Amino acid sequence: MKRTILYLIGILSGLLFSVTSCNKDCDTNPQQNTNTLQTLVTRTYTGVLVGSTGAYELNLIENGAIASVVFDDETYNLYSNETLENSQSLTLSDGSISLTVEVDENGDNPAISFTIPGHNIEATIVLSNQTNPNRNYIGSTESVSPSEAKVYRTTFNLTLHDGNKWTGIERVDLDIDPGNPNHQSAQGQTIKVDGTFIENESTVILTRSNSIYTLYKVSDELKLYQAAGGTFEVMLTQVN
């Protein structure tokens, strides 16, 4: 895992230190300690957000909740010592930003919102499977006409989950077409998008409606560049 899990381990370790006392087994059985940390997490959600751009991981634990939010290249660690109950909401904060999550009477259909000063945030939320954890990517798309006059650029963030599904959010940052006086710009529009994917050692192939995008793996990035009849580019970076 990336830096998010490091924050999680550190925070959970602190919680354990404050609520439990250690005996000799703590020194002689490190595997037991790891198992205890894992059992504290009861449910994990992840997702992506725009307004500017970012991603998050929210862990519900036995005696509260913790979250790591990556937003505009800054990382925020949020906490709550309350437990999320069915039909209720729970707010986590670090004193500067906050997130609120709520579930229905069965503890399902989660919804999430963020308060980040100076930004209007829209976000997704996806339950993560512990045996096949979600992966969050943030990035952009850009389409440029052959004459380089028409430009369409978006913030494009997504979560890969459940082995073959992806859920994302896209905001149009630039939509200009000087050659078309009747062009109705979509700039500022935000939509939630989803689809399925197929993955192998070198590519992740996204299917979205009737479109298919073959993204190539480069370290922790997914990239696509096409240069036929203009250019089309996708660049995504895994953040957690």
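Residues: numbered from 1 along the sequence shown. Here the structure is a predicted model, which means the values were calculated and not measured.
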The test is side chain to side chain donor-acceptor pair (under 3.5 Å); show your working for Glu170 and Thr154 and say whether it passes. CA-CA 6 Å; Glu170 184 173 30; Thr154 75; 2.9 Å; yes

Quick one: do the [X] and [Y] side chains pair a donor with an acceptor below 3.5 Å?
X: Thr44; Y: Asn59; result: yes
X: Thr91; Y: Thr100; result: yes
X: His161; Y: Ser128; result: no
X: Thr53; Y: Asn157; result: yes

Quick check: closest heavy atoms across [X] and [Y], and the distance to 0.1 Å?
X: Ser68; Y: Thr75; value: OG-CG2, 3.7 Å
X: Val126; Y: Thr167; value: CG2-CB, 4.1 Å
X: Tyr45; Y: Gly107; value: OH-O, 4.2 Å
X: Ile121; Y: Leu49; value: CG2-CD1, 3.7 Å
X: Ala55; Y: Val239; value: CB-CG2, 3.4 Å
X: Val193; Y: Ile191; value: CG1-CD1, 3.8 Å

With a 6.0 Å cut-off on ring centres, are Phe114 and Phe71 close enough?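 Ring centroids of Phe114 and Phe71 are no less than 6.0 Å from each other.
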
Assigning hydrophobic clusters by single linkage (Ile, Leu, Val, Met, Phe, Trp, Tyr; side-chain heavy-atom cutoff under 4.5 Å), is [X] placed with [Y]?
X: Tyr213; Y: Tyr137; value: yes
X: Val234; Y: Val48; value: no
X: Leu160; Y: Leu224; value: yes
X: Tyr216; Y: Met235; value: no
X: Tyr56; Y: Val103; value: yes

Measure from the side-chain N and O atoms of [X] to the backbone N and O of [Y], and report whether any donor-acceptor pair falls under 3.5 Å.
X: Asp162; Y: Lys165; answer: no
X: Asp104; Y: Asp108; answer: yes
X: Thr42; Y: Leu60; answer: yes
X: Ser219; Y: Glu221; answer: no

Within a reach of under 6.0 Å around NZ of Lys150, are more than 12 heavy atoms found that belong to other residues, nucleotides or ligands?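 No, not enclosed.
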
With a 6.0 Å cut-off (strictly less than), is the heavy-atom count around CD1 of Ile205, excluding the residue itself, greater than 12? yes

Audit row: Asp220, Thr237, side-chain contact (heavy atoms from CB on, under 4.5 Å) steps and yes/no: CA-CA 6 Å; Asp220 61 350; Thr237 300; 4.0 Å; yes

Side chain to side chain donor-acceptor pair (under 3.5 Å) between Thr159 and Asn134, worked out: CA-CA 6 Å; Thr159 302; Asn134 297 351; 5.9 Å; no

In Asn136, Thr124, Asn240, the residue satisfying side chain to side chain donor-acceptor pair (under 3.5 Å) with Thr46 is Asn136

Between Ile66 and Leu78, is a side-chain contact (heavy atoms from CB on, under 4.5 Å) present by the stated rule, with each step listed? CA-CA 6 Å; Ile66 57 177; Leu78 315 183; over 6 Å; no

So, are Glu199 and Arg135 salt-bridged, with charged N and O less than 4.0 Å apart? yes

State plainly whether the residues Lys192 and Asp194 are in salt-bridge range, i.e. N to O under 4.0 Å.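 No, Lys192 and Asp194 are not salt-bridged.
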
Before you tell me yes or no, could you show the steps for Tyr225 and Thr231 under side-chain contact (heavy atoms from CB on, under 4.5 Å), namely the whole-Å CA-CA distance, both residues' side-chain angles and the distance that decides it to 0.1 Å? CA-CA 7 Å; Tyr225 183 80; Thr231 62; 3.4 Å; yes

